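See structure below.
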Amino acid sequence: MPTPVVAPSLLAANHGEFIAGIRAIEAAGLTWVHLDIMDGHFVPNISFGPQVVADLRPRTKLHFDVHLMLTHPDRFVTAFAKAGAERLTVHIEAAHDMGSTLAAIKAAGLKAGIAMNPDSDPRRLLPYLASVDLVLCMTVFPGFGGQAFIPEVLDSIRFLAAERQARGHDFRLEVDGGINAETGRQCRAAGADTLVAGTAFFKATDRQAFVAGLTA
Ligand code: DX5
Ligand code: ZN
């Protein structure tokens, strides 16, 4: 079982002061930052691209957990690898060949993640579990921070956690969207170990206490 990690999403920080968001994550003693990349097509929102990632790269040692919410993620593997991403997660619902995209991510020397939306069947991920370092169960429909947690996803988390154990894999099981102290606790109990928190982290009055509650 991977060690618990909280990965704050920079989407919830001030987009004119990304460095301040990075420093807040560092000040909380965390090691991951979740970077949400949106193309306005796979999801109804646009966030930021590889140039932002490249400009942040030399200014922090945080692990860049890059979440590609793109219709064609395969077209951007090289760009984000060059920008300094350490991990690229791509959606099963996007228009690409998942097997070849995962292979390209690993050929670029990065960790590979596979993501599913709340209404997707987790069994669609089974053929890829042996090829990934991370599985992301979206707990909101992707595109925006600050949405309400979708509890039905807990069934998918439990299913994938059971498959991980049954198959002897050790990929990270990540959740993303509406994660706060209570929903994070529910996801941990269901088998998740890697928790993305945007709004709840940046709005927390005591960020270290918030993180401690999620990683106990
Ligand atoms: C949504 C993104 C999430 C989002 C999480 O499409 O993938 O990472 O930023 O934000 P909160 O934690 O505010 O729900
Ligand atoms: Zn995300």
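Everything numeric in this text was worked out from a predicted model, so none of it was measured. For ligands, and for the atoms within them, numbers begin at 1 and follow the listed sequence.
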Just by modelled atom types, is the [Y] backbone N or O under 3.5 Å from a matching donor or acceptor in the [X] side chain?
| X | Y | result |
| --- | --- | --- |
| N117 | S120 | no |
| Q147 | F141 | yes |
| R188 | A216 | yes |
| T199 | G145 | no |

* Report yes or no: does F144 have a heavy atom closer than 4.0 Å to ligand 1? =>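 Flag set, F144 near ligand 1.
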* Touching ligand 1 at all, A200? Heavy atoms, strictly under 4.0 Å? -> no
How far is [atom] from the closest protein heavy atom, and which atom is that?
| atom | answer |
| --- | --- |
| atom 12 (O) of ligand 1 | G198 N, 2.7 Å |
| atom 10 (O) of ligand 1 | G145 CA, 3.5 Å |
| atom 13 (O) of ligand 1 | T199 OG1, 2.4 Å |

* To do: Compute the ring centroids of H72 and H96, then answer whether they are less than 6.0 Å apart.
  => no
* Please determine if G178 has a nitrogen or oxygen closer than 3.5 Å to a nitrogen or oxygen of ligand 1. =>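 Such a contact does occur with ligand 1.
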* Asked: Do any nitrogen or oxygen atoms of A12 lie less than 3.5 angstrom from nitrogen or oxygen atoms of ligand 1?
  ->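 For ligand 1, there is no N or O atom that lies under 3.5 Å from one belonging to A12.
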Quick one: which ligand 1 atoms are inside 4.0 Å of a heavy atom on [X]?
| X | answer |
| --- | --- |
| A197 | 12 (O) |
| M138 | 7 (O) |
| G143 | 1 (C), 6 (O) |
| M69 | 6 (O), 7 (O) |
| H34 | 8 (O) |
| M38 | 6 (O) |

* To do: Inspect the contact between E86 and R57 and indicate whether a charged nitrogen and a carboxylate oxygen are less than 4.0 angstrom apart.
  =>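 Looking at E86 together with R57, the answer is yes, because their closest N to O distance falls below 4.0 Å.
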* **Lys/Arg N to Asp/Glu carboxylate O, R124 vs D121, below 4.0 Å** => no
* To do: Answer yes or no: is there a side-chain heavy-atom contact under 4.5 Å between K111 and R172?
  => no
* Asked: Any side-chain heavy atom of S9 sitting closer than 4.5 Å to one from F202?
  ->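 A side-chain contact under 4.5 Å is absent here.
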* Asked: Out of N180, T89, D176, L10, whose heavy atom sits nearest atom 8 (O) of ligand 1?
  ->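 Looking at heavy atoms only, the winner is D176.
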* Q165, CD: over 12 other non-hydrogen atoms inside 6.0 angstrom ->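 Open: at most 12 neighbouring heavy atoms sit under 6.0 Å from CD of Q165.
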* Test the R87-F64 pair against the cation-pi criterion, namely NZ or CZ under 6.0 angstrom from the six-membered ring centroid and within 45° of the ring axis. =>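 Verdict for F64: no cation-pi partner in R87.
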* Asked: Backbone, side chain, both or neither: what part of L11 comes under 4.0 angstrom of ligand 1, heavy atoms only?
  ->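 The answer is the side chain of L11.
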* Angle in degrees, rounded to 10°, that OD1 of D36 and NE2 of H34 form at the Zn ion (ligand 2) -> 90°
* **H67, N/O/S atom nearest the Zn ion (ligand 2)** => ND1
* Considering only N, O or S atoms of D176, the one closest to the Zn ion (ligand 2) -> OD2
